Amino acid sequence: MLELPKIREEIDAIDREIVSLFEQRMDLGAEVARYKMEAGKPVLDRDREQEKLKSVSAQAKDSFTAAALQELFRQMMASSRKLQYRIMGEAHPEEEFPFIRVHSLPMGRKKVVFQGEEGAYSFTAMNSFFGESVDNFHVATWKDAMDAISEGKADYAVLPIENSTAGIVADIYDLLVQYHHSIVGEQIIQVDHALMAPKNSRIEDIRTVYSHPQALAQCKKFLDRHPEWKQVPWLNTATAAKKVKEDADLTQAAIASPYAAQCFGLQILKPHVFSSQSNSTRFIIVSGKNIYTESAGKISICFEIPHESGSLYNILSHFIFNNLNMTKIESRPIPERNWEYRFFVDFEGNLGEDSVKNALYGIQQEAGSMRILGNY
């Protein structure tokens, strides 16, 4: 039996040969890219890759080596494709994605729409992002907000997309696909619930509490100390506060944000009945224009992929190869296509960066469809 140092010496010698041969293979891959550009052929040729995988695995001495060879050659062919995408992208720099770069978001004389009522967390997010003097109006549903942009009634919409504990707002993801609007900004609001009631009411007078079901659940520890209170789920926290204001019943209270108490002239009976630094809601700012700022550092995309082994891995490898940090991935079922999914990915970067362009070009070529949802 050979000593370990001797074995390693032989491995190193073989690895040097592998490196040299791999570089030769990549050089040939570059020639393939130039040929495909001239002939107008796509980089990815699935039939050719499947033939190659069958061929190399047939040369293996056993099933384990066959599987290992398939994994190795998948990686080599993927690297070759990425090189070809880069060459093609450099040859056609004018073929950029349909987004316009701006110094900063246009803010002057713009109208903003949000869902809910004044005092809702979406209202707070809007004021935090645009300032309290922004021209705004509210609508009943998230779809109404998207329609307002489509119809030219609003320049921006503020929509909740994710809560740090409750997860994504799935309907918003579906609306982003349905409407070809773009994400141009985001605002994170910390959840801070307070118990509020009409002026002159006392906490010992309360018999009914209104709020959104999630807010009631978040305040369970506090509410459990008052088993005599009836908990009534309501559309959202702001409308609960509005109801309590309009009813002017000293036995009614609402759980909502302190800003809602200010908006509706309610007094806070108990502040911070639920407040957590780790519980925040992320809101997105949506525009009807495909724009991004020079300082934008996050990109959101969605894509569909073939329903076959390794397809998601191949797509995600474009982020790794281009040294891009993926921060989030979600999936949503595709309507009327059983067991097929659309993926949503957030990653760090700016559409003006070459590494981002290379990754997106490769994904666009290999995915069933790909769309940039925004750079913000």
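What's counted below: heavy atoms across the whole structure, side chains too, no hydrogens, waters or symmetry copies. Only a predicted model underlies this, so the values are computations on that prediction, with no experimental measurement involved.
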Could you give me the CA-CA distance, side-chain angles and deciding distance for Thr251 and Asp205, then say whether side chain to side chain donor-acceptor pair (under 3.5 Å) is met? CA-CA 5 Å; Thr251 68; Asp205 297 329; over 6 Å; no
For Pro160 and Thr281 the tightest heavy-atom approach is CB-CG2, 4.1 Å
Across all chains, not counting sequence neighbours, the side chain to side chain contact (heavy atoms under 4.5 Å, CB included) partners of Thr327 are Asn325, Asp346, Glu348
If two hydrophobic side chains count as joined below 4.5 Å and joins carry through other members, does Leu235 share a cluster with Val191? no
Indicate yes or no for a side-chain donor-acceptor contact from Trp229 to the backbone of Ile206 under 3.5 Å, with no hydrogens or angles considered. yes
Looking at CD1 of Ile372 and CD1 of Ile299, how far apart are the two atoms once the value is rounded to the nearest 0.5 Å? 7.0 Å
Would you call the rings of Trp234 and Tyr210 parallel, tilted or perpendicular, taking 30° and 60° as the class edges? perpendicular
Would you confirm whether the ring centroid of Phe130 sits within less than 6.0 angstrom of the ring centroid of Tyr156? yes
Report yes or no: does Ser164 contribute a side-chain atom to a donor-acceptor pair with the main-chain N or O of Ser280 at less than 3.5 Å? yes
Is the closest basic N to carboxylate O distance between Arg332 and Glu330 below 4.0 Å? no
How many angstroms lie between CD1 in Ile305 and CG in Asn314, if you round to the nearest 0.5 Å? 9.0 Å
CG (Leu4) with more than 12 external heavy atoms under 6.0 Å: yes
Measuring from atom CZ of Phe123 to atom OG of Ser257, what distance do you get when rounded to the nearest 0.5 angstrom? 10.0 Å
Flag yes if more than 12 heavy atoms outside Lys153 fall under 6.0 Å of its NZ atom; otherwise flag no. no
Just checking, is any N or O donor in the side chain of Gln75 or Ser79 under 3.5 Å from an acceptor N or O on the other one? no
If you measure from NZ on Lys41 to OH on Tyr35, what distance do you get to the nearest 0.5 Å? 4.0 Å
Set of side-chain hydrogen bond (donor to acceptor under 3.5 Å, both in side chains) partners for Lys199, sequence neighbours left out: none
Near-ring test Tyr121/His193, centroid separation under 6.0 angstrom: yes
Is the count of non-hydrogen atoms from other residues, nucleotides or ligands lying under 6.0 Å from Asp224 atom CG greater than 12? yes
Assess whether side-chain contact (heavy atoms from CB on, under 4.5 Å) is satisfied between Lys36 and Met88, documenting all intermediate values. CA-CA 9 Å; Lys36 287 182 175 179; Met88 289 183 170; 3.8 Å; yes
Leu269 and Leu223: same hydrophobic cluster, using ILVMFWY side-chain contacts below 4.5 Å? yes
Look at atom CG of Asp12 and say whether more than 12 heavy atoms of other residues, nucleotides or ligands are closer to it than 6.0 Å. yes
Which atoms form the tightest heavy-atom contact between Phe303 and Ala367, and what is the distance? CB-CB, 4.0 Å
Just by distance, with hydrogens left out, do Ser182 and Tyr292 show a side-chain donor and acceptor under 3.5 Å apart? no
Can you confirm whether more than 12 heavy atoms, excluding those of Lys289, are under 6.0 Å from its NZ atom? no
Could you tell me if Ser150 and His181 have a donor-acceptor pair between their side chains, going purely by distance under 3.5 Å? yes
Under a single-linkage rule joining Ile, Leu, Val, Met, Phe, Trp and Tyr whose side-chain heavy atoms are separated by less than 4.5 Å, which residues share a cluster with Val139? Val113, Phe137
Taking the six-membered ring of Phe321 as reference, does the NZ or CZ atom of Lys82 fall below 6.0 Å from its centre and within a 45° cone about the axis? yes
Please determine, by modelled atom types, if Thr65 and Asp62 share a side-chain donor-acceptor pair under 3.5 angstrom. yes
Do Tyr313 and Ile301 belong together in a cluster built from hydrophobic side chains that touch within less than 4.5 Å? no
Hphob cluster co-occupancy, Ile203 + Val209, side-chain heavy atoms under 4.5 angstrom: yes
Could you pull out the closest heavy-atom pair between Phe347 and Met326, with the gap in Å? CB-CA, 3.8 Å
Should the pair His138 and Phe114 be assigned to parallel (<30°), tilted (30 to 60°) or perpendicular (>60°) ring geometry? tilted
Salt-bridge criterion met for Lys245 and Glu117 (N-O under 4.0 Å): no
How would you list, by chain and number, every residue that makes a side-chain hydrogen bond (donor to acceptor under 3.5 Å, both in side chains) with Arg342, sequence neighbours excluded? Glu304
Applying a strict under-4.5 Å side-chain criterion to I, L, V, M, F, W and Y, I'd like to know whether Ile183 and Met107 cluster together. no
Could you grab the distance from atom CG of Leu175 to atom CG of Leu159, nearest 0.5 Å is fine? 7.5 Å
With sequence neighbours excluded, what pairs up with Lys61 under the salt bridge (charged side-chain N to carboxylate O under 4.0 Å, His left out) test? none
Once the angle between the rings of Tyr85 and Tyr361 is folded into 0 to 90°, is it parallel (under 30°), tilted (30 to 60°) or perpendicular (over 60°)? perpendicular
Verify, without hydrogens or angle tests, whether Asn375 (side chain) and Lys298 (backbone) share a donor-acceptor contact under 3.5 angstrom. yes
Would you say CD of Glu3 has more than 12 non-hydrogen atoms from neighbouring residues, nucleotides or ligands within 6.0 angstrom? no
Decide side-chain contact (heavy atoms from CB on, under 4.5 Å) for Phe274 and Ile255; before the verdict, give the C-alpha distance in whole Å, the side-chain angles of both, and the deciding distance to 0.1 Å. CA-CA 9 Å; Phe274 178 86; Ile255 288 177; over 6 Å; no
Using modelled atom types and a 3.5 Å cut-off, is there a donor and acceptor pairing between side-chain atoms of Glu294 and backbone atoms of Arg101? no
Quick check for you: to the nearest 0.5 Å, what is the distance between Asn322 atom CG and Asn358 atom CG? 5.0 Å
Please report the C-alpha distance between Glu31 and Arg34 in whole Å, then the side-chain angles of each, then the deciding distance to 0.1 Å, and finally whether the salt bridge (charged side-chain N to carboxylate O under 4.0 Å, His left out) criterion is met. CA-CA 5 Å; Glu31 292 299 318; Arg34 296 182 184 98; 3.1 Å; yes
Is the count of non-hydrogen atoms from other residues, nucleotides or ligands lying under 6.0 Å from Glu38 atom CD greater than 12? no
Could you tell me whether Glu71 and Arg74 have a side-chain N and a carboxylate O separated by less than 4.0 Å? no
Closer than 3.5 angstrom, by distance alone: can the side chain of Gln115 be matched with the main-chain N or O of Ala140 as a donor-acceptor pair? yes
Counting only N and O atoms by type, is there a donor-acceptor contact under 3.5 Å from the side chain of Gln267 to the main-chain atoms of Pro198? yes
Is it true that Asp147 and Lys143 have a side-chain N and a carboxylate O under 4.0 angstrom from each other? yes
Do Leu44 and Arg81 pass the side-chain contact (heavy atoms from CB on, under 4.5 Å) test, and can you show the C-alpha distance, the side-chain angles, and the key distance before you say yes or no? CA-CA 7 Å; Leu44 178 59; Arg81 288 199 307 274; 3.7 Å; yes
Tell me whether Gln59 contacts the main-chain N or O of Ser55 through its side chain, where contact means a donor paired with an acceptor under 3.5 Å. yes
Any side-chain to backbone donor/acceptor pair from Asp135 onto Lys110? Under 3.5 Å, distance only. no
Quick one: ring pair (Phe, Tyr, Trp, His ring centres under 6.0 Å) partners of His180, sequence neighbours excluded? none
Apply side-chain contact (heavy atoms from CB on, under 4.5 Å) to residues Ser300 and Tyr376 and explain how you reach the verdict. CA-CA 9 Å; Ser300 295; Tyr376 49 99; 2.7 Å; yes
